[in-house]
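Structure record follows, encoded as structure tokens.
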Amino acid sequence: MPQGIWVIAEQKDGKLKKVSLELLSKAKEMGQEVTALLLGSGVEGLAADMGQYGADKVLVFDADVLKDYSTDAYTKVICTAVKEGDPSVLLGPATASGKDFLPKVAARLDTGLASDCVDLKLEDGKLVATRPIYAGKCVVETVTPDSSPQMASIRPNVLAVGEADASKSAEVIKKDVNVSDADLKAVLKEILKGASQKVDLTEAAIIVSGGRAMKEADNFKILWDLAEALGTGTTVGASRAAVDSGYATHDMQVGQTGKVVNPNLYIACGISGAIQHLAGMRTSKVIVAINKDPEAPIFQKADYGLVGDLFKIVPLLTEEVKKLKAQD
Amino acid sequence: MDILVCLKQVPDTETKIVINPEGTGIVTDGIKFVMNPYDEYAVEEALKIKEKSGGTVTIVCMGPQRSTEAIRTALAMGADKGVHLNDDAFEGADSYSTAKALAAAIKPLSYDIILGGKQAVDNDNAQVYAALAELLDISHVSIVTQLDIADDGKSAVAQREIEGGAKEVIQVSLPAVIACQKGLNEPRYASLPGIMKAKKKPIDVIDLAASGLSADEVGQKGAKLKTTKYSLPPEREAGKVLEGEPAELAAKVVKLLREEAKAI
Ligand SMILES: Cc1cc2nc3c(=O)[nH]c(=O)nc-3n(C[C@H](O)[C@H](O)[C@H](O)COP(=O)(O)OP(=O)(O)OC[C@H]3O[C@@H](n4cnc5c(N)ncnc54)[C@H](O)[C@@H]3O)c2cc1C
Ligand SMILES: Nc1ncnc2c1ncn2[C@@H]1O[C@H](COP(=O)(O)O)[C@@H](O)[C@H]1O
């Protein structure tokens, strides 16, 4: 009988990602034993503290081959562990790496995967996953009735992180890593740093986005200035029109064929609010729209609409934010 | 090189989604269906590889009768032939049973590389390429924005988008499945002669019997993930529209964001 909830934690540069804590907090709520899987090189030190967020046990896979993310290595390590431990539920983050290995793991284990979920619950041992489809224009609930483990990947930034309980620490279990070069059909050669190196859109707490109205790439500077004033966790996005016109890079695109984001605050500057753009940002907690056309559809979805010229309003907004932050 | 492209036909991204009265899916009547936008990049990349190294481009698509339109579009862009998995038994598939059927159709074919999209914009699973690779016992690279195939055709170097605009440069042995992302190329439009020629290009239809699979392994029956409920998300209500001079607007909205929305 499969038992327990397993959570694949993600760390980067020796720090746990926030989505790992979000996953642990959710797993803890489910009321079964929670086991975290930690993969990396030199990461063992992170394990014990995961107990504060709900992990009863942490399986640590610490090896040189796991220093960088690898589809083949991760899939092998996780599938081997799952076959041995037989968990009832296996959860992971819907991050660039999670989205890459989880479907491969599911196929190897002959089970289903609910990908990019926004909520989860356990009903009589059944994992019920809530996931948006059609870029959030529709929402479905799914179950995995006949196969095990029941798998889901969770979109970052959606679930709450529970209060840390400093009195708790997890039982840390070191595991062997049996990955040889022959297992690696795809090999990482290098990582090219992003132009911005800022927080990723899908993980950002605040996003300032620019549309076709930005007119040229250099004008994005005023959006970066506002982002900077708003503090860490803020980044800059763009509409497809802005990307296609070459004002912003592809990885900045928000929308149905870009990134689906859900920050606390989304500031749309000179974006009309086409259905494909709305699909990517409609779950933002608060939306501010700046547009000179009072009829722009974006105002139908915005909590605060500012009618006017973004080139005048955005710099003033930056000043106001700076003033506010100076008082904090 | 023998190049395969997996493509799916999906509702146009403009589509307004309506749930059917039984609550078991969406209303498909009157919807305009198109080639999955990411699969356009896959078709384009396949054609570029063919232009450079020669070979054939074969489109593999699972879907109902209407999907032939998407296959024809790819043939009109320049692909050579189509393989269409078309049978009622394939309906209602999840990623797993989709990959299962695609793998069955692909196994007998000769292929050096398989291209697909990073995600089908209907169910947004972003899984089929990885599951397909696993079932074919080859590797995959997802979210690819650049692809260079070695001269000997035995390996490729792909750039894969990760967080924060960074990219992983990955060397993968071929055959492999490559999941294409925007930025990889600019998909061409079908030319008029292309459209005429496409009409004569062959499309092999594979039904359940021809796939060699049983009805339990494919479609809804073979799906590991079952959808139990469909709903529409709550509509966002329009909020306050603020009027005034730019300076006033800026001060007002910052105050509201702090005191009312508690967002900054
Ligand atoms: C298959 C497909 C997929 C797509 N996917 C996406 C996607 O993922 N993301 C996406 O964003 N779009 C997507 N689109 C495109 C989408 O349909 C729209 O074309 C696009 O979102 C428009 O971008 P925009 O709002 O920046 O430009 P526009 O619609 O041109 O709007 C510009 C706005 O700026 C305002 N403006 C102009 N000057 C100023 C000024 N000085 N100050 C203030 N306001 C000003 C105007 O009033 C206007 O409302 C997709 C389309 C297709 C067909
Ligand atoms: N029914 C299908 N027929 C052919 N290819 C498909 C099908 N479904 C998905 N794919 C391929 O897999 C990719 C990812 O789809 P998905 O996992 O459904 O988001 C798509 O972009 C296609 O390349």
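Just so we're on the same page: letters track the sequence lines, and every chain starts at 1. Please read these numbers as outputs of a predicted model, since none were measured by experiment. The basis for the numbers below is simple: all heavy atoms, side chains too, and nothing from hydrogens, waters or symmetry mates.
Ranked by non-hydrogen atom pairs under 4.5 Å with chain A, the options B:His140, B:Lys262, B:Gln181 are led by B:His140. Here A:Leu192 is the residue among A:Leu192, A:Asp116, A:Ile133 with the most heavy-atom pairs under 4.5 Å with chain B. Contacts with chain B were tallied for A:Leu201, A:Thr95, A:Thr318, A:Asp146; A:Thr95 has the most, counting heavy-atom pairs under 4.5 Å. With chain B as partner, the option from A:Gln150, A:Met151, A:Gln253, A:Lys99 having the largest number of non-hydrogen pairs under 4.5 angstrom is A:Gln253. Ranked by heavy-atom pairs under 4.5 Å with chain A, the list B:Val10, B:Leu135, B:Asn123 is led by B:Asn123. The greatest number of non-hydrogen atom pairs below 4.5 Å with chain A, out of B:Ser97, B:Ala120, B:Ser173, B:Ala126, is found for B:Ser173. In terms of heavy-atom pairs under 4.5 angstrom with chain B, the leader among A:Arg131, A:Glu319, A:Lys12 is A:Arg131. Of the residues considered (B:Ser231, B:Ala251, B:Ser142, B:Ala130), B:Ser231 shows the highest number of contacts with chain A, using heavy-atom pairs under 4.5 Å. Top candidate by heavy-atom pairs under 4.5 Å with chain B, chosen from A:Ile313, A:Leu306, A:Asp309, is A:Leu306. In terms of heavy-atom pairs under 4.5 Å with chain A, the best-connected choice from B:Gln159, B:Glu14, B:Lys229 is B:Lys229. Between chain B and the options A:Val140, A:Ile290, A:Val128, the largest number of non-hydrogen pairs under 4.5 Å is found for A:Val140.
Interface remark: A:Leu230 contributes side-chain atoms only to the contact with chain B (heavy atom separation under 4.5 Å). Residue B:Leu132: no heavy atom, backbone or side chain, is found under 4.5 Å from chain A. A:Val139 touches chain B through backbone and side chain together, each having a heavy atom under 4.5 Å away. In this structure, no portion of B:Ala99 lies under 4.5 Å from any heavy atom of chain A. Only the side chain of A:Val243 comes within less than 4.5 Å of a heavy atom of chain B; its backbone N, CA, C and O stay farther away. Heavy-atom distances place both the backbone and the side chain of B:Pro233 under 4.5 Å from chain A. Looking at A:Asp100, the atoms closer than 4.5 Å to chain B (heavy atoms on both sides) sit in the backbone and in the side chain alike. For chain A, the nearby parts of B:Thr227 are the backbone and the side chain; heavy atoms of each come within less than 4.5 Å. For A:Lys259, the part lying near chain B is the side chain, with the backbone staying farther off; criterion is any non-hydrogen pair under 4.5 Å. For B:Val121, the parts lying under 4.5 angstrom from a heavy atom of chain A are both the backbone and the side chain. For a residue to count as touching a neighbouring chain, one of its non-hydrogen atoms must lie under 4.5 Å from one of that chain's; by this rule B:Lys118 touches chain A with the side chain only. Contacts of B:Gln119 with chain A are absent, with no heavy-atom separation under 4.5 Å from either backbone or side chain.
Counting heavy atoms from C-beta outward, B:Ser95 and A:Leu113 have side chains that stay 4.5 Å or more apart.
Taking NZ of B:Lys167 as the reference point, atom CD of A:Glu190 lies at 12.5 Å (rounded to 0.5 Å). B:Tyr96 OH to A:Thr144 OG1: the interatomic distance, rounded to the nearest 0.5 Å, is 13.0 Å. Atoms CG and CG, from A:Leu127 and B:Leu225 in turn, are 9.5 Å apart once rounded to the nearest 0.5 Å. Rounded to the nearest 0.5 angstrom, B:Glu163 CD and A:Lys17 NZ are separated by 4.0 Å. To the nearest 0.5 angstrom, B:Glu134 atom CD is 9.0 Å from A:Asp110 atom CG. To the nearest 0.5 Å, atom OH of residue A:Tyr134 and atom CG of residue B:Asp122 are 5.0 Å apart.
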Chi angles and distances behind the salt bridge (Lys or Arg N to Asp or Glu O under 4.0 Å) call for A:Asp244, B:Lys182: CA-CA 10 Å; A:Asp244 286 353; B:Lys182 181 174 186 184; 3.0 Å; yes

Before you tell me yes or no, could you show the steps for B:Glu260 and A:Tyr304 under side chain to side chain donor-acceptor pair (under 3.5 Å), namely the whole-Å CA-CA distance, both residues' side-chain angles and the distance that decides it to 0.1 Å? CA-CA 11 Å; B:Glu260 191 179 80; A:Tyr304 303 108; 2.4 Å; yes

Given side-chain contact (heavy atoms from CB on, under 4.5 Å), test A:Leu265 with B:Ile264 step by step and report yes or no. CA-CA 8 Å; A:Leu265 173 60; B:Ile264 57 175; 3.5 Å; yes

Run the side-chain contact (heavy atoms from CB on, under 4.5 Å) check on A:Glu141 and B:Tyr230 step by step: do they pass? CA-CA 7 Å; A:Glu141 281 185 8; B:Tyr230 286 79; over 6 Å; no

Give the intermediate values and the outcome of salt bridge (Lys or Arg N to Asp or Glu O under 4.0 Å) for residues B:Arg236 and A:Asp303. CA-CA 9 Å; B:Arg236 270 194 103 93; A:Asp303 299 284; 2.9 Å; yes

Full working for side-chain contact (heavy atoms from CB on, under 4.5 Å) between A:Val187 and B:Ile170: CA-CA 5 Å; A:Val187 185; B:Ile170 292 171; 6.0 Å; no

The test is side-chain contact (heavy atoms from CB on, under 4.5 Å); show your working for A:Ile191 and B:Ile162 and say whether it passes. CA-CA 9 Å; A:Ile191 294 181; B:Ile162 55 172; 4.3 Å; yes

Is there a side chain to side chain donor-acceptor pair (under 3.5 Å) between A:Ser115 and B:Gln127 once you walk through the steps? CA-CA 8 Å; A:Ser115 53; B:Gln127 295 192 40; 3.3 Å; yes

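Between the side chain of A:Lys137 and the backbone N or O of B:Thr15, at least one donor-acceptor pair lies under 3.5 Å.
In this structure, B:Asp137 pairs ionically with A:Lys185, as a charged nitrogen and a carboxylate oxygen lie closer than 4.0 Å. Residues B:Arg258 and A:Asp328 are paired through a salt bridge, judged by an N-O separation under 4.0 Å between the basic side chain and the carboxylate. Contact check on A:Lys301 versus B:Glu237 returns no salt bridge, with no Lys/Arg side-chain nitrogen under 4.0 Å from an Asp/Glu carboxylate oxygen.
Other residues, nucleotides and ligands contribute over 12 non-hydrogen atoms within 6.0 Å of the CD atom of B:Glu217. Remark: A:Lys126 NZ is loosely packed, at most 12 non-hydrogen atoms of other residues, nucleotides or ligands lying under 6.0 Å away. Counted within 6.0 Å of CG on B:Asp216, heavy atoms from surrounding residues, nucleotides or ligands total more than 12; the atom is thus considered enclosed.
Here the closest non-hydrogen pair linking B:Gly164 and A:Asp200 is N-OD1, 2.5 Å. The nearest pair of heavy atoms linking B:Ile138 to A:Lys104 is O-NZ, 3.5 Å. For the residue pair A:Ala186 and B:Val172, the shortest heavy atom distance occurs at CB-CG2, 4.0 Å. Across all non-hydrogen atoms, the minimal contact from B:Tyr38 to A:Gly258 is OH-N, 3.8 Å. Here the closest non-hydrogen pair linking B:Lys224 and A:Ser147 is CD-OG, 3.7 Å.
In this model, no donor atom of one side chain and acceptor atom of the other lie less than 3.5 Å apart for A:Gln256 and B:Thr13.
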